Amino acid sequence: MAKIVTHFPRLIILQVMRILSGKEVVQARRKKIAEKVQQLKNNKGITPGLAVVLVGEDPASQVYVRNKAKACDEVGINSFEHKLPAETSADDLKKLIIELNNNKEVHGILVQLPLPKHLNTDEILQCIDPKKDPDALTTENMGLCWKGTPRVSACTPSGVMAILDYYKIEVAGKEAVVVGRSNIVGKPMAQLLLMADATVTLCHSKTKNLRKYTSQAEIVVVAAGRPLMLGKEDFKKGAVVIDVGMHRELIDGKTKLCGDVRFDELHDWVSAATPVPGGVGPMTITMLLENTFKLASF
Ligand code: GUN
């Protein structure tokens, strides 16, 4: 009797990494915002207005502020720019914020961060009327967020949630790690993931053995503010990696944009990751537009 020999080719399962493009999400969402803004104008005669306050001449902040004005214009939101010299006193800045609090055409007030060192950031931010705070940085709005009843949520973390939603990445029941505990990204990010029913660990610069946490997580959001800090060996196979970092670094003699994660190492290892640029970055302004629209509609 002939012997039957069956050869099974060795199966090599490669993890194909999905690139989570924020640009694609932005395109989808901006069209909807423009429609909603138009409806608000037609139905209630309200045109949402965003005031952006920039103190000093930080080049990156100047670019952000310019981009914010352009984005507002694209969706029909009025934008008001207030550029103040770097040496502006706390009293003068507070006076401007109070004026904007009382201005009926303004529904959102964004004080561009970082502020010059002589100004106490928290003292300034707390002058913003919480009903006009699209960054959710006032104590009232941070409290509402942690209570689970946000008026609006911080822009960058909301942008991350919008990416996860767009790419249908399940969050409920997942183990999520956030690296970084800033008021503007890390803390609200942890809170939003918690609200979406993830089990959340919040790591920071004093966390001992960071890899112990990141390498067990199914979703890792990195907002550490340290260029190229984490790579393949820090993540579990099949994890979803969201990079909030944005740095200008000299790499191979050229200035390049990079994040907190060594993106090039992740292919064939993680299941999905955001690139830098083109990942989380473009989302922040889009969520700012959405928050301004929400504040104008209340
Ligand atoms: N600077 C960089 N990102 C932000 C942001 O989301 N809000 C404010 N206010 N300043 C920033």
Side-chain angles (χ1 to χ4, degrees), residues 25-26 28-53 64-65 67-82 93-113 121-122 124-163 165-166 183-185 187-196 283-298:
V25 189
V26 162
R29 290 185 90 105
R30 288 232 181 141
K31 219 171 133 232
K32 283 194 195 145
I33 306 169
E35 284 165 13
K36 287 199 217 163
V37 167
Q38 191 56 51
Q39 277 170 13
L40 190 67
K41 286 182 194 176
N42 295 346
N43 298 342
K44 293 196 178 170
I46 297 171
T47 302
L50 174 70
V52 177
V53 180
Y64 284 139
V65 169
N67 289 343
K68 279 166 190 161
K70 203 165 142 246
C72 281
D73 204 41
E74 272 170 32
V75 299
I77 291 178
N78 285 334
S79 72
F80 309 95
E81 268 181 39
H82 295 268
L93 182 52
K94 286 182 192 172
K95 224 159 84 188
L96 171 63
I97 294 171
I98 291 163
E99 266 172 44
L100 296 170
N101 284 342
N102 294 323
N103 183 338
K104 290 209 161 43
E105 283 184 59
V106 172
H107 304 92
I109 304 166
L110 182 137
V111 176
Q112 185 67 31
L113 302 177
T121 301
D122 196 48
I124 299 297
L125 291 175
Q126 299 314 321
C127 292
I128 299 172
D129 177 347
K131 293 192 174 69
K132 293 191 175 190
D133 170 25
D135 272 324
L137 282 170
T138 55
T139 304
E140 181 176 313
N141 283 325
M142 288 188 83
L144 285 171
C145 288
W146 279 103
K147 188 156 73 73
T149 56
R151 185 178 273 132
V152 290
S153 298
C155 301
T156 302
S158 302
V160 171
M161 297 309 287
I163 290 177
D165 181 59
Y166 181 86
N183 285 343
I184 202 158
V185 184
K187 283 182 206 162
M189 188 71 251
Q191 177 268 320
L192 282 177
L193 288 164
L194 188 61
M195 246 175 48
M283 294 304 302
T284 303
I285 293 183
T286 300
M287 303 322 284
L288 174 68
L289 302 174
E290 291 194 17
N291 284 353
T292 305
F293 165 78
K294 272 190 206 161
L295 295 174
S297 333
F298 283 138

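Remember, it's a predicted structure, so these values are computed and weren't measured experimentally.
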**Q.** Exam field: side chain K70 to backbone V65, donor-acceptor pair closer than 3.5 Å
**A.** no
Q) Can you list the steps and then say if Q39 with K44 is a side chain to side chain donor-acceptor pair (under 3.5 Å)? A) CA-CA 8 Å; Q39 277 170 13; K44 293 196 178 170; over 6 Å; no
(Q) Has K131 got a side-chain atom pairing as donor or acceptor with G108's backbone, closer than 3.5 angstrom? (A) no
Q. For the residue pair P134 and T292, what are the closest heavy atoms and their distance?
A. CB-OG1, 4.3 Å
Q) Who passes salt bridge (Lys or Arg N to Asp or Glu O under 4.0 Å) against E74, sequence neighbours left out? A) R30
(Q) Rounded at 0.5 Å granularity, tell me how far CD1 in I128 sits from CD1 in I97. (A) 5.0 Å
Q. For the side chain of D133 and the backbone of T138, is there at least one donor-acceptor N/O pair under 3.5 Å apart?
A. yes
Q. Would you say D73 and S79 make side-chain contact, with heavy atoms under 4.5 Å?
A. no
Q. Can you list every pair that meets side chain to side chain donor-acceptor pair (under 3.5 Å) and has a residue in residues 95-108, with sequence neighbours left out?
A. none
Q | Atom of K94, atom of I124 and distance for their closest heavy-atom approach | A | CG-CD1, 4.1 Å
Q: Over all heavy atoms of both residues, which pair between M283 and A162 is shortest? Give the atoms and the distance, please.
A: CE-CB, 3.7 Å
Q) Closest heavy-atom contact between I285 and Y64? A) CD1-O, 4.2 Å
Q. Looking only at heavy atoms, which two atoms of K132 and L100 are closest? And how far apart?
A. NZ-O, 3.1 Å
Q. Which pairs with one or both residues in residues 148-160 pass side chain to side chain donor-acceptor pair (under 3.5 Å), sequence neighbours excluded?
A. E140-R151, N141-R151, K147-T149, T156-T284
Q.
Looking at every heavy atom in both C145 and Q191, which two are closest together, and how far apart are they?
A. O-NE2, 2.9 Å
Q) Only one of V111, I109, T139, N183 clears side-chain contact (heavy atoms from CB on, under 4.5 Å) with L125; which? A) V111
Q: Mind checking the SG-CG spacing from C72 to L50? Nearest 0.5 Å is all I need.
A: 4.5 Å
(Q) Test your reading of the model: is there a side-chain donor-acceptor pair from E81 to the backbone of A51, 3.5 Å cut-off? (A) no
